[in-house]
Amino acid sequence: MALKLLGAAAGGLLWTCISAHAVDLGPRPAFLVDLLPEGALKTKLEACIGQQMTPRLFSIAHRGAPLQFPEHTLEGYLAAHRMGAGIQECDVTFTKDKALVCRHSQNDLATTTNILATALADTCITPFSAASGDSKANAECRTSELSLAEFKSLRGKMDGADPTATTAEAYVKGTADWRTTLYASNRGTVLSHKEFLAHFKNKGVKFTPELKAPAVEMPFDGFTQEDYAQQLINEYKAAGIAPENVFPQSFNLADVLYWIKAEPEFGKQAVYLEGRYGRDNLDPMKPETFKPTLAELKGMGVNYLAPPLWVLVTLQDGEIVPSAYAMEAKKAGLKLIAWSLERSGPLNNGGGWYYQSIRDAVTSDAAIYQVLDVLAQDVGVEGVFSDWPATTTFYANCMDLP
């Protein structure tokens, strides 16, 4: 067993154990280390290549292992587990019969499953429409239009769609060229939330379910937002999973505050996902734009805050350093979790959305470990979501992080 530290109740740090199963990192961590410029970070990480690795709570699997496996599928979750992810994420939404299922969005079935190739395509809110002129190909299919049994008949695929497609068959083949369909051709087992828990509750991992915003108007057939938030917690209770092993998440502050009040043992580890940069014009370098302030969030009982990578870092004289947001969060006593590493594809031209605050310093995939090092050592994050957990597991082992 490996003794690890992560997370805190309001009163102190929580020590726990995670199962030290055999970890298989594959070649990617070493590949990324080879790209680093000569220096202390490269020297440190090079010395760890080939060492025995153990699971780490710092390594959080983002939707499983979607760099190479269909997201939110059993196969992706198992891959993440084998790569040493100490925490697994099931994004939670609900079906027509109010069963909780693992999906990133209630209305993403057209791009993440094979629904358009099945008879269930008739249930889609927006049937497939072909690209024509300036109009892009489109379809919208929701879990809320399916029973659990119907949902379970689907097969997960690599997330993506071709907006120029003129047929549904071509539309679903829009996988980014830096991903692969190698592990998605014959498998892609979709899961209910209960099945996800059953598969992993005895594997020594912790859980971070995200309550996704419904695409349907709430209440849904009498099912309120609070019912939805409560059902999530009830399924952990029914599975016999202790509150200290669960980090429920939501972009909706009301969900987090509900858990803090109604389920305080779970609520003290509830994670408020930072989304105000797009909704409320939050500028991570201007604390006056943080409304509520980070100290006010802490005063409401929020202990964990999870912003995207770019919100936590900035450039100073060409060097990657913590942002004003990161410093304010630490001053307020908030614990930080960052998302999502390995989601942007090759980083040879600025890194895209996840690296926007440090674009000028991102010229290759070496930035993955450079940013991760700043997040861990200077910002002091508790953990980092990654689409390929081997990357974070390797770093956490090398740096002796939880």
Side-chain angles (χ1 to χ4, degrees), residues 4-8 13 32 36 39-42 44-45 56-60 62 85-87 89 208 247 249 269 271-277 282-287 289-290 293-295 297-298 302-344 347 351-362 365-387 389 391-402:
K4 301 300 164 200
L5 170 65
L6 180 77
L13 295 170
L32 295 175
L36 284 167
L41 178 59
K42 183 170 186 173
K44 173 71 172 176
L45 294 180
R56 300 286 162 143
L57 293 169
F58 182 85
S59 179
I60 307 172
H62 182 238
I87 302 179
E89 178 192 45
T208 185
F247 297 81
Q249 315 169 72
Q269 292 198 151
V271 181
Y272 179 38
L273 294 163
E274 181 63 87
R276 293 176 293 169
Y277 48 83
L282 180 145
D283 183 333
M285 294 306 295
K286 296 180 179 179
T289 68
F290 308 167
T293 67
L294 305 190
L297 288 174
K298 178 67 175 176
V302 176
N303 291 315
Y304 287 86
L305 193 57
L309 303 176
W310 67 270
V311 169
L312 292 173
V313 291
T314 190
L315 289 178
Q316 185 175 78
D317 299 326
E319 298 294 320
I320 303 169
V321 298
S323 67
Y325 181 101
M327 292 185 286
E328 286 290 313
K330 298 304 284 187
K331 186 165 64 174
L334 289 160
K335 294 187 176 296
L336 292 168
I337 299 169
W339 49 273
S340 292
L341 214 64
E342 299 277 40
R343 189 152 185 85
S344 303
L347 305 183
W353 189 86
Y354 285 93
Y355 297 84
Q356 60 186 279
S357 62
I358 55 169
R359 184 177 293 112
D360 291 345
V362 178
D365 285 359
I368 291 172
Y369 274 135
Q370 292 168 329
V371 169
L372 188 58
D373 193 53
V374 172
L375 290 171
Q377 306 302 329
D378 301 329
V379 175
V381 298
E382 300 292 308
V384 177
F385 282 93
S386 178
D387 280 27
T391 301
T392 42
T393 299
F394 172 79
Y395 179 88
N397 272 269
C398 193
M399 300 296 181
D400 197 26
L401 297 174

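None of these values were measured; they are calculated from a predicted model.
- Considering only heavy atoms from C-beta on, Y354 stays 4.5 Å or farther from L347 through its side chain.
- Rounded to the nearest 0.5 Å, atoms CD (E382) and CD1 (I87) are 9.5 Å apart.
- Smallest separation of non-hydrogen atoms from G86 and L57: O-CD2, 3.3 Å.
- Heavy atoms only, all atoms of each residue included: L401 and R56 are closest at O-NH1, 2.7 Å.
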message = Before you tell me yes or no, could you show the steps for K298 and T293 under side-chain contact (heavy atoms from CB on, under 4.5 Å), namely the whole-Å CA-CA distance, both residues' side-chain angles and the distance that decides it to 0.1 Å?
response = CA-CA 9 Å; K298 178 67 175 176; T293 67; over 6 Å; no
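- For E274, the salt bridge (charged side-chain N to carboxylate O under 4.0 Å, His left out) partners at least two apart in sequence or on another chain are R276.
- Counting heavy atoms from C-beta outward, K331 and L294 have side chains that stay 4.5 Å or more apart.
- Separating the CG atom in L334 from the OH atom in Y272 is a distance of 11.5 Å, to the nearest 0.5 Å.
- The two atoms that bring S323 and V311 nearest to each other are OG-O, 2.6 Å, heavy atoms only.
- Between the N397 side chain and the T393 main chain, a donor and an acceptor come within less than 3.5 Å of each other.
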inquiry  = Working note: I320 + L315, criterion side-chain contact (heavy atoms from CB on, under 4.5 Å); need CA distance, chi angles, decisive distance, verdict.
reply    = CA-CA 5 Å; I320 303 169; L315 289 178; 3.9 Å; yes
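- Contact of the D373 side chain with the Y395 side chain is registered, since non-hydrogen atoms from C-beta on lie closer than 4.5 Å.
- Interatomic distance, W353 CH2 to R343 CZ, rounded to the nearest 0.5 Å: 10.5 Å.
- Residues F290 and L282 form a side-chain contact, since some pair of their non-hydrogen atoms from C-beta on lies under 4.5 Å apart.
- Taking the side chain as every heavy atom from C-beta outward, L341 and D387 never approach each other to under 4.5 Å.
- Looking only at side-chain heavy atoms (C-beta outward), Y325 and L305 come within less than 4.5 Å of each other.
- Within 6.0 Å of the CD atom in E319, the count of heavy atoms belonging to other residues, nucleotides or ligands does not exceed 12.
- For the pair V313 and L375, the minimum side-chain heavy-atom distance is below 4.5 Å.
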inquiry  = Apply side-chain contact (heavy atoms from CB on, under 4.5 Å) to residues T391 and Y369 and explain how you reach the verdict.
reply    = CA-CA 8 Å; T391 301; Y369 274 135; 3.6 Å; yes
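- Distance CZ/F58 to CE/M399: 10.0 Å, rounded to 0.5 Å.
- A distance of 7.0 Å separates CD of Q370 from CG of L41, quoted to the nearest 0.5 Å.
- Of all heavy-atom pairs between G318 and A361, the closest is O-CB, 4.4 Å.
- Looking only at distances, a side-chain donor or acceptor of T208 sits under 3.5 Å from a matching main-chain atom of F247.
- The aromatic rings of W339 and Y277 lie tilted to each other, with the angle between the two planes from 30° to 60°.
- For the pair T392 (side chain) and S59 (backbone), a donor-acceptor distance under 3.5 Å is absent.
- No donor-acceptor distance shorter than 3.5 angstrom exists from the side chain of S386 to the backbone of E342, with no hydrogens or angles considered.
- Across every non-hydrogen atom of A366 and L36, the tightest pair is O-CD2, 3.5 Å.
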task = Verify side-chain contact (heavy atoms from CB on, under 4.5 Å) between T314 and V321, making sure each step is shown before the conclusion.
result = CA-CA 5 Å; T314 190; V321 298; 3.6 Å; yes
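- Residues K335 and N303 fail the side-chain proximity criterion, which asks for heavy atoms closer than 4.5 Å.
- To the nearest 0.5 Å, atom CE of residue M327 and atom CE of residue M285 are 6.0 Å apart.
- By the side-chain contact (heavy atoms from CB on, under 4.5 Å) test, K330 is found to be paired with L336, residues two or more places apart in sequence or in another chain being considered.
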